Each structure stands twice: as C-alpha cells, then as structure tokens.
2 protein chains.
Amino acid sequence: MDAPNVSTCVITPEREALVRDILGRIADKWTLLVIDALEGEDAVRFSALRQRVGGVSQKMLTKTLRQLERDGLVARHVHPVVPPRVEYRLTALGESLGAAVCSIWVWAGDNIASVEEARRTYDGGMPGK
Amino acid sequence: MDAPNVSTCVITPEREALVRDILGRIADKWTLLVIDALEGEDAVRFSALRQRVGGVSQKMLTKTLRQLERDGLVARHVHPVVPPRVEYRLTALGESLGAAVCSIWVWAGDNIASVEEARRTYDGGMPGK
DNA sequence: CCGCATCCTGTCGGATACTG
DNA sequence: CAGTATCCGACAGGATGCGG
C-alpha cells in the first residue's frame with residue numbers, strides 16, 4: 001500500500017497526532033540545529049558537533065542525538081578505541097527531513113523584516129506592557 | 001572558501017538566531033495546530049477555533065493567538081457587541097508560513113512508517129528500557 | 001573523549017475561579 | 001463569550017561529578 005500522491009496539504013486526525021509528535025520533537029530547541037550542523041557533512045565527532053551547534057550542553061546534545069537516532073534520522077558509529085571516538089551522520093531519512101525543514105528556514109529568512117515590524121507595531125501600541 | 005555554498009539552504013549566524021526564535025515559536029505545541037485550523041477559513045470565532053484545534057486549554061489558545069497576532073501572522077477582529085464576538089483569521093504572512101510548514105506535514109505523512117519502524121527497532125534492541 | 005546520574009531552577013501548560 | 005489571574009504539577013534544560 002503505497003502512500004498516495006500528496007500534492008496538497010491534506011490532514012487526517014491520525015496524521016495530525018503523528019505530526020504533532022514529530023513536530024514537537026524537531027522543535028525541541030536543539031534538534032533542528034543538530035540536523036543543520038550535520039547537513040553536508042560526512043561524519044562528525046561528538047565534540048566537534050557540540051562546537052558546531054554552539055551553546056548546547058553535553059546533556060542536551062546527547063539526549064537530542066539519542067532521539068534522532070531512535071527515529072532513524074541519525075546514525076551513530078562508535079570506534080572501539082581509546083580514547084573513545086564516536087561519530088554521527090545524517091541518514092537518508094534525516095537528510096530528507098533537513099530538506100523539508102529548509103523551506104521554513106527560507107520562509108524565516110524571507111520574512112524576518114515583516115515579523116519584526118509587526119512586533120514593533122504591536123509592542124508600540126501596547127506601551128504600558 | 002570554508003562552507004561549500006549549498007544552492008538553496010544558506011544559513012548565516014544572524015538568520016540562525018532569528019530562525020531559532022521563530023522555530024521555537026511555531027513549535028510551541030499549539031501554534032501550528034492553530035495555523036492549520038485557520039487555514040482555508042475566512043474568520044473563525046474563539047470558541048469555534050478552540051473546538052477545531054481540540055484539546056487546547058483556553059489559556060494556551062489565548063496565549064498562542066496573542067503571539068501570532070504580535071508576529072503579524074493572525075489578525076484579530078473584535079465586534080463591539082454583547083455577548084462578545086471575536087474573530088481570527090490568517091494574514092497573508094500567516095498563510096505563507098502555513099504553506100512553508102506544509103512541507104513538514106508532507107514529510108511527516110510520507111515518512112511515518114520509516115520513523116515508527118526505526119523506533120521499534122531501537123526500542124526492541126533495548127528491552128530493559 | 002564520551003556519556004550517565006544527580007541536583008536544581010525556570011518555564012510550560014492545565015484547572016479553576018472571576019470580570020466585562 | 002472572551003479574556004484575565006492564580007495556583008500548582010510536570011518537565012525541559014543547565015551545572016557538576018563520576019565512570020568506562
């Protein structure tokens with residue numbers, strides 16, 4: 001049973017729940033940054049990844065990577081050497097998500113001015129608070 | 001030449017911060033659902049919107065709508081009558097975001113099976129927990 | 001070097017009661 | 001009906017220390 005051609009944005013309750021779940025995950029503050037940091041790279045070590053993302057604690061990076069690994073978006077490869085050497089890379093699935101998310105990036109970049117102006121207008125009209 | 005100039009998805013530090021901000025907002029559990037509930041409609045009343053989204057508390061719906069209004073994504077129209085009648089509708093900016101977000105929806109719908117299978121595999125390999 | 005466990009704090013978000 | 005205010009539990013997420 002192949003997925004039918006989804007040219008339009010048709011939302012079913014089932015999908016809504018799943019999308020809600022996935023969306024909640026990709027937006028947990030670090031996931032998208034990690035995906036972005038892995039995009040276009042072959043394999044990135046944990047430390048390098050942490051520097052690349054910037055500002056992420058080791059705890060959250062680990063957690064984020066585990067989730068991504070669980071969802072099949074990132075592959076984790078442990079080199080059995082000492083000191084430990086662990087590398088991460090995007091799977092095909094992960095890259096496809098990165099591509100999909102790219103449209104949001106583009107939208108944001110394209111509409112920064114509009115959003116900021118709307119905020120200024122809104123905040124300006126509410127001086128008291 | 002440090003970064004290989006990828007054709008479409010070029011990310012600058014400035015944009016990254018902005019996108020981080022916007023992304024954090026569109027993913028705050030309700031925003032996308034609200035946008036989706038408003039998409040294709042002309043004007044929706046508060047109560048109708050609440051039913052349409054489903055499961056959202058009145059507090060969070062109000063908060064979400066205020067943020068969307070502030071960012072210029074949603075227009076709020078108050079009818080000066082009693083009982084109060086407040087209607088919301090997407091602005092052009094809001095609709096454009098909805099269109100951009102659609103690609104994520106499509107991706108999710110298109111990859112539900114892959115993600116779920118990856119999760120089952122991952123969880124299956126970790127029986128203890 | 002990588003990752004886990006623990007502690008601690010701020011924020012998110014639901015339930016409820018009240019106002020216009 | 002629409003919105004605000006308050007209380008409260010749950011959890012995200014940072015800092016630190018240990019272990020392999």
Side-chain angles (χ1 to χ4, degrees), chain A residues 17 20-34 37-38 41 43-71 74-89 122 125-126 128-129, chain B residues 17 20-34 37-38 41 43-71 74-89 122-123 125-129:
Chain A
R20 224 152 134 171
D21 182 56
I22 294 182
L23 257 176
R25 194 145 301 179
I26 68 171
D28 63 11
K29 189 177 186 182
W30 296 118
T31 300
L32 284 183
L33 284 305
V34 171
L38 287 172
E41 300 294 319
V44 186
R45 296 189 61 174
F46 186 87
S47 303
L49 191 52
R50 191 175 172 189
Q51 293 176 53
R52 194 174 262 263
V53 172
V56 64
S57 68
Q58 172 271 350
K59 172 186 174 182
M60 291 317 296
L61 181 55
T62 299
K63 187 177 180 182
T64 302
L65 285 168
R66 284 293 178 282
Q67 288 178 6
L68 288 171
E69 189 191 358
R70 177 171 181 259
D71 287 354
V74 162
R76 179 171 180 259
H77 186 60
V78 182
H79 297 260
V81 298
V82 351
R85 178 187 186 89
V86 184
E87 292 177 333
Y88 296 88
R89 65 175 180 78
Y122 186 91
M126 309 287 284
K129 203 178 199 179
Chain B
R20 223 152 134 171
D21 183 55
I22 294 182
L23 257 176
R25 194 145 301 177
I26 69 171
D28 63 9
K29 190 177 185 183
W30 295 118
T31 300
L32 284 183
L33 283 305
V34 170
L38 287 172
E41 299 294 320
V44 186
R45 297 188 60 173
F46 186 87
S47 303
L49 191 52
R50 192 176 172 188
Q51 293 177 52
R52 195 174 261 261
V53 172
V56 63
S57 68
Q58 168 269 6
K59 172 186 173 181
M60 291 317 295
L61 181 55
T62 299
K63 187 178 180 180
T64 302
L65 286 167
R66 285 291 181 282
Q67 288 177 7
L68 289 171
E69 189 191 358
R70 178 172 180 256
D71 287 354
V74 161
R76 179 171 179 262
H77 186 59
V78 182
H79 297 260
V81 298
V82 351
R85 177 187 187 89
V86 184
E87 292 178 335
Y88 296 88
R89 65 177 179 80
Y122 186 91
D123 293 343
M126 310 286 285
K129 201 168 192 187

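This is a predicted model, so every value here is computed, not measured. Here is the naming used below: chain letters follow the sequence lines, and residue numbers restart at 1 for every chain.
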(request) For A:R52 and A:A37, work out which heavy atoms get closest and say how close. (result) CD-O, 3.2 Å
(message) Just to verify, what does B:Q67 make a side-chain hydrogen bond (donor to acceptor under 3.5 Å, both in side chains) with, not counting sequence neighbours?
(response) none
(request) Give me the first and last nucleotide of DNA chain D, going 5' to 3', that has any atom under 4.0 Å from a heavy atom of chain A. (result) D:dA12 to D:dG20
(message) Taking side-chain hydrogen bond (donor to acceptor under 3.5 Å, both in side chains) as the definition, give me every residue that meets it alongside B:Q51, ordered by chain and number, with sequence neighbours left out.
(response) none
(request) Using atom CE of A:M60 as one end and atom C1' of C:dA5 as the other, report the distance to the nearest whole Å. (result) 15 Å
(message) If I take atom CG from residue B:L33 and atom CG from residue B:L38, how far apart are they, to the nearest 0.5 angstrom?
(response) 11.0 Å
Using atom types as modelled, flag every donor-acceptor pair under 3.5 Å from a side chain in residues 56-64 of chain B to any protein atom, sequence neighbours excluded.
unit_1, atom_1, unit_2, atom_2, d
B:S57, OG, B:M60, N, 3.3
B:T62, OG1, B:Q58, O, 3.0
B:T64, OG1, B:M60, O, 2.7

(message) Suppose we screen for side chain to side chain contact (heavy atoms under 4.5 Å, CB included). Which residues come up paired with B:V86, at least two apart in sequence or across chains?
(response) B:R76, B:V78, B:Y88
(request) Not counting sequence neighbours, which residues clear side chain to side chain contact (heavy atoms under 4.5 Å, CB included) with B:V81? List them please. (result) B:H79, B:R85
(message) How many whole angstroms separate atom CZ of A:R45 from atom P of C:dG3?
(response) 10 Å
(request) List for me each residue that meets side-chain hydrogen bond (donor to acceptor under 3.5 Å, both in side chains) alongside B:R50, sequence neighbours excluded, and say none if there are none. (result) none
(request) May I ask you to say what A:R76 touches in the nucleic acid, namely base, sugar-phosphate or nothing, with a heavy-atom cut-off under 4.0 Å? (result) sugar-phosphate
(request) Would you jot down, in residue-number order, the residues of residues 61-69 of chain B having a non-hydrogen atom under 4.0 Å from DNA chain C? (result) none
(request) Go through the structure and list residues passing side-chain hydrogen bond (donor to acceptor under 3.5 Å, both in side chains) with B:R89, not counting sequence neighbours. (result) none
(request) Encode nucleotides 15-20 of chain C as B, S and - characters from 5' to 3', where the letter depends on protein heavy atoms closer than 4.0 Å: B to the base, S only to sugar-phosphate, - to neither. (result) B----B
